[in-house]
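Basis for what follows: all heavy atoms, side chains included, without hydrogens, waters or symmetry-related copies.
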Amino acid sequence: MKSIGVVRKVDELGRIVMPIELRRALDIAIKDSIEFFVDGDKIVLKKYKPHGVCLMTGEITTENKEYGNGKIILSPEGAQQLLDEIQAALKA
């Protein structure tokens, strides 16, 4: 894990400010949900993604399917978008 060398203080309400560099690197926008985990003496933050959300469209439908041993979830529309992008890239 690479350190970016930023220190933040916890305020009176227990809040901290996440540096913009981290938010940009992890594609975290205003109002996004963050998961907190404890790993020994470390706090791990992770952008929250609900289970079953399409990687391409962000949709959660009963038609979504898992690919790549469950690492990729796509809706039918998302699968078509990804297929189109892959085909275009292979033609280039």
Just by distance, do the side chain of [X] and the backbone of [Y] share a donor-acceptor pair under 3.5 Å?
| X | Y | result |
| --- | --- | --- |
| R8 | I16 | no |
| N64 | I73 | no |
| D11 | G14 | yes |

Distance-only polar pair, side chains of E59 and S75, donor-acceptor under 3.5 Å: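 E59 vs S75: donor-acceptor pair found between side chains.
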
Report, one line per pair, each donor and acceptor closer than 3.5 Å where one atom sits in a side chain of residues 79-88; sequence neighbours left out.
unit_1 : atom_1 : unit_2 : atom_2 : d
Q80    : NE2    : D84    : OD1    : 2.8

Taking atom [atom1] of [X] as the centre, does the number of heavy atoms from other residues, nucleotides or ligands within less than 6.0 Å exceed 12?
| X | atom1 | value |
| --- | --- | --- |
| I43 | CD1 | no |
| E63 | CD | no |
| L13 | CG | yes |

How long is the gap from [atom1] on [X] to [atom2] on [Y], to the nearest 0.5 Å?
| X | Y | atom1 | atom2 | value |
| --- | --- | --- | --- | --- |
| K47 | I34 | NZ | CD1 | 7.5 Å |
| D39 | D41 | CG | CG | 8.5 Å |
| D32 | M18 | CG | CE | 10.0 Å |
| E35 | L45 | CD | CG | 10.5 Å |

If I compare all heavy atoms of [X] with all of [Y], which pair ends up nearest, and what's the gap?
| X | Y | answer |
| --- | --- | --- |
| G40 | V38 | O-CG1, 3.5 Å |
| L74 | M56 | CD2-CG, 3.6 Å |
| V6 | P19 | CG1-CG, 3.7 Å |

Same cluster (ILVMFWY, side-chain, under 4.5 Å), V17 and L26: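 Unlinked, V17 and L26 end up in two clusters.
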
Side-chain heavy atoms of I60 within contact of P50, under 4.5 Å: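 Counting from C-beta outward, I60 and P50 do come under 4.5 Å.
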
